Amino acid sequence: MPAKTIDNGFTARQLTGAASDPTHAGALSFMRRRYTKSLEGADVVVWGIPFDAAVSNRPGARFGPQAIRRASAIFDNDPQYPFDADLFEDLAVIDYGDCLLDYGNHQETPATIEREAATLVNSGAFVVSMGGDHFVTWPILKAHAAKYGPLAMIQFDAHQDTWFDDGKRIDHGSFVGRAVRDGVIDASRSIQVGIRTHAPDDCGIQMLYGYDVEEMRADEIVASIKARVGDAKAYITFDIDCLDPAFAPGTGTPVAGGPSSAKMLSVLRKLGSLDIVGADIVEVAPAYDHADITAIAGASVAMHYIGLLAERRSRLAK
């Protein structure tokens, strides 16, 4: 089988080009990309943050990056739907592995994540981050805002995450409010999609509630997002609990009444015209999953981010 590869995450000789490992075997990097700590030549960096000490309900999202990588093996080699292309023909993507965190010293966690995120962002690569609970988005946002200024945030989530805190708490339910107060995100250009809970303050962010999303077509949701974000530099954060538990049971705080994975992936597919500078997928907790349903959805979200970037690269090359 001279055309086949195996363990492409370690044996790849270049950063571009599809792998052809058997889907049931081989090193489980994200979509078989080369594992490396070298950022040289990388257009996209996939990075895991295995942290879940900030959860308010069920822990386990520290295993999310592993689960997403494992689920992404099914995307190996074939042209990816809905992009109908080898996403890695011209786009150099690496798997940077995970952020090393001290599980016994959580107060150091935010600075550790922010420091490593800044290294990745400042390399010029697009960073696709895999959590971990939703707190990890806070230091990642700070690293992006330090480079790009206040960001428009597109948040797919069942929760607003705008609960007040003192600026020191390690809490996955308050990072959005903190980001607004600290000027990391621009609330007037930010939108939350799929919200199915109530917090005391919306912080000036537009919300599309879960039942409204259910009544809207994907094109209508996309129009709302684009109208809100405009030409601002945008960051996408996708909490997997945005999806109904039927499509994402493996998460820490599931909320019934959410949209399907098909609808939200269709929305992501249509956001390529926005100036997206970073993105994450968080709150995949495989201990509560069944048959990798949630991990596959999470891997699909990350694959869509990369697909949009590959299309942008193709457009710019013409």
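Since the model is a prediction, treat every value here as computed from it, not as a measurement. No hydrogens, no waters, no symmetry mates; every other heavy atom, side chains included, goes into these values.
- Pairing each heavy atom of A61 with each of P65, the nearest pair is O-CD, 3.8 Å.
- Remark: I74 CD1 to I296 CD1 distance equals 4.5 Å, nearest 0.5 Å.
- Pairs of residues two or more places apart, or lying in two chains, that qualify as side chain to side chain donor-acceptor pair (under 3.5 Å) and include a residue from residues 201-221 are D219-K270.
- A pairwise comparison of heavy atoms in G64 and P286 identifies N-CD, 4.1 Å as the closest pair.
- Partners of P245 according to the side chain to side chain contact (heavy atoms under 4.5 Å, CB included) rule, which considers only residues two or more places apart in sequence or in another chain, are P254.
- Judged by distance alone, the side chain of R228 and the main-chain N or O of I191 form no donor-acceptor pair under 3.5 Å.
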*For T294 and D289, what are the C-alpha separation, side-chain angles and deciding distance, and is it a side-chain hydrogen bond (donor to acceptor under 3.5 Å, both in side chains)?*
CA-CA 6 Å; T294 312; D289 209 359; 2.8 Å; yes
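- When side chains are defined from C-beta on, S261 does not count as touching S300, because their heavy atoms never get closer than 4.5 Å.
- Within the 4.5 Å cutoff, the side chain of Q155 has no heavy atoms near those of the F238 side chain.
- Under a 3.5 Å cut-off, the side chain of S20 and the backbone N or O of T5 do form a donor-acceptor pair.
- Heavy-atom minimum distance, G41 versus A92: O-CB, 3.3 Å.
- Judged by distance alone, the side chain of S72 and the main-chain N or O of M31 form a donor-acceptor pair under 3.5 Å.
- For OH of Y35, the number of neighbouring non-hydrogen atoms (other residues, nucleotides, ligands) closer than 6.0 Å is greater than 12.
- Side-chain heavy atoms closer than 4.5 Å link hydrophobic residues (I, L, V, M, F, W, Y) into clusters, and following such links, even through other members, never connects I49 to F156.
- In the hydrophobic clustering of ILVMFWY residues, with side-chain heavy atoms under 4.5 Å counting as a link, L91 and F126 come out together.
- Linking ILVMFWY side-chain heavy atoms closer than 4.5 Å, directly or via other members, places V229 and M153 in two distinct hydrophobic clusters.
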*CA sep, side-chain torsions, deciding dist, call: V44, L309, side chain to side chain contact (heavy atoms under 4.5 Å, CB included)*: CA-CA 9 Å; V44 180; L309 290 168; 3.7 Å; yes
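- Residues W138 and V277 are members of one and the same hydrophobic cluster, defined by side-chain heavy-atom contacts under 4.5 angstrom among Ile, Leu, Val, Met, Phe, Trp and Tyr.
- In terms of modelled atom types and a separation under 3.5 Å, the side chain of S266 and the main chain of A262 share no donor-acceptor contact.
- Taking CD1 of I113 as the reference point, atom SG of C99 lies at 5.5 Å (rounded to 0.5 Å).
- Each side chain to side chain donor-acceptor pair (under 3.5 Å) pair with one or both residues in residues 95-118, not counting sequence neighbours, appears once here: W47-E116, R69-D95, R69-D98, E114-K142.
- In this structure, V45 and V128 have side chains that are not in contact, with every pair of non-hydrogen atoms separated by 4.5 Å or more.
- Contact record, A54 with D133: N-OD2, 3.0 Å, taken as the closest heavy-atom pair.
- Under a cut-off of 6.0 angstrom, the local environment of NZ in K37 is crowded, with over 12 non-hydrogen atoms contributed by other residues, nucleotides or ligands.
- Of the N and O atoms on the side chains of E283 and H172, at least one donor lies less than 3.5 Å from an acceptor on the other residue.
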*Could you please spell out the steps behind the side chain to side chain contact (heavy atoms under 4.5 Å, CB included) verdict for V193 and V267?*
CA-CA 10 Å; V193 180; V267 170; over 6 Å; no
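- Using a 4.5 Å heavy-atom threshold, the side chains of V213 and M264 count as touching.
- Pairs engaging residues 252-307 under the ring-ring contact (aromatic ring centres under 6.0 Å, His included) rule: F83-H304 [sequence neighbours left out].
- Taking the side chain as every heavy atom from C-beta outward, V136 and S129 never approach each other to under 4.5 Å.
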_Between F135 and I170, is the side chain to side chain contact (heavy atoms under 4.5 Å, CB included) condition met? List the steps._
CA-CA 7 Å; F135 176 78; I170 309 294; 3.9 Å; yes
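- In this structure, the side chain of K147 does not engage the main chain of N122 through any donor-acceptor pair within 3.5 Å.
- Remark: side-chain polar atoms of R196 are paired, donor with acceptor, to backbone N or O of V255 under 3.5 angstrom.
- Note: the hydrophobic cluster containing I236 also contains V46 (ILVMFWY, side chain heavy atoms under 4.5 Å, direct or indirect links).
- Applying the salt bridge (charged side-chain N to carboxylate O under 4.0 Å, His left out) rule to pairs touching residues 153-167 yields D165-R178, D165-R181, sequence neighbours excluded.
- To the nearest 0.5 Å, atom OG of residue S56 and atom CH2 of residue W163 are 10.0 Å apart.
- Here the CD1 atom belonging to I240 is positioned 4.0 Å from the CD1 atom belonging to I281, to the nearest 0.5 angstrom.
- T237 and D280 form a side-chain donor-acceptor contact under 3.5 Å, judged by distance and modelled atom types alone.
- Pairs engaging residues 57-66 under the side chain to side chain donor-acceptor pair (under 3.5 Å) rule: D52-R62 [sequence neighbours left out].
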*Do D43 and V93 pass the side chain to side chain contact (heavy atoms under 4.5 Å, CB included) test, and can you show the C-alpha distance, the side-chain angles, and the key distance before you say yes or no?*
CA-CA 6 Å; D43 300 313; V93 182; 5.8 Å; no
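- Between A187 and C203, the closest heavy-atom pair is CB-O, 3.2 Å.
- The closest side-chain heavy-atom distance from P150 to V184 is not below 4.5 Å.
- With salt bridges taken as basic N to acidic carboxylate O contacts below 4.0 Å, one links K233 and D275.
- Residues L208 and I195 form no side-chain contact, since every pair of their non-hydrogen atoms from C-beta on lies 4.5 Å or further apart.
- The minimum heavy-atom distance linking K263 with M216 is given by the pair NZ-O, 2.7 Å.
- Evaluated for a side chain to side chain donor-acceptor pair (under 3.5 Å) with H134, the options T253, D239, D171 yield exactly one hit, D239.
- In terms of modelled atom types and a separation under 3.5 Å, the side chain of R70 and the main chain of L28 share no donor-acceptor contact.
- Between I94 and R33, the closest side-chain pair of non-hydrogen atoms is not below 4.5 Å.
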*List the steps, then state whether salt bridge (charged side-chain N to carboxylate O under 4.0 Å, His left out) holds for R32 with D21.*
CA-CA 8 Å; R32 309 293 188 176; D21 290 24; 3.6 Å; yes
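- Looking only at distances, no side-chain donor or acceptor of T162 sits under 3.5 Å from a matching main-chain atom of A199.
- Between D186 atom CG and L151 atom CG the span is 9.0 Å, to the nearest 0.5 Å.
- With values rounded to the nearest 0.5 angstrom, L141 atom CG is found 6.5 Å from F175 atom CZ.
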